[in-house]
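First up is the structure itself, then whatever we jot down about it.
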Amino acid sequence: ALAALAESLLGAVLADMGDLHEAEELLDAGFNDLLASLGAAAADTRTAGERLAALLERTNRPADATRVRGLLAIPAPGGPGGDMDIQVPR
């Protein structure tokens, strides 16, 4: 996870410097590695995903940015996609 976090940070720096192609490669790799290793709920994953989504918006790809943000969606317990059954006492 540390290497993935470093990729995301370097991608953010490169994006700020205007090297958008290289930045996207690093941001995408870092985000996907963090998503796989830490999950969508982890703060580092969410930060990396927002960095990637911001770059995608900057390069006029709002649908791709929405897709990335969708990967960060965490299902509500007991709701669609949730795996917990919460019982409310009466």
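Along the sequence shown, residues carry numbers from 1.
Atom CZ of residue Arg46 and atom CG of residue Leu35 lie 10.5 Å apart, to the nearest 0.5 angstrom. A distance of 9.0 Å separates CG in Leu26 from OG in Ser8, rounded to the nearest 0.5 Å. Atom CD in Glu50 sits 9.5 Å away from atom CG in Leu52 (nearest 0.5 Å). Distance check, rounded to the nearest 0.5 Å: CG of Leu55 to CG of Asp16 gives 10.0 Å.
Within the 4.5 Å cutoff, the side chain of Glu24 has heavy atoms near those of the Leu56 side chain. Using a 4.5 Å heavy-atom cutoff, the side chains of Leu14 and His21 are not in contact. Inter-residue side-chain proximity for Glu25 and Glu7 is flagged as unmet; no heavy-atom pair is nearer than 4.5 Å.
Nearest heavy-atom pair, Val68 versus Gly49, reported as atom, atom and distance to 0.1 Å: CG1-O, 3.5 Å. Closest approach of Ala48 to Leu34, counting heavy atoms only: CB-CD1, 3.7 Å. When every heavy atom of Glu57 is checked against every heavy atom of Ala65, the shortest pair comes out as CG-CB, 3.5 Å.
No option in Leu5, Asp33, Leu38 other than Leu38 meets the side-chain contact (heavy atoms from CB on, under 4.5 Å) test with Thr45.
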- Audit row: Phe31, Asp44, side-chain contact (heavy atoms from CB on, under 4.5 Å) steps and yes/no: CA-CA 9 Å; Phe31 170 65; Asp44 288 337; over 6 Å; no
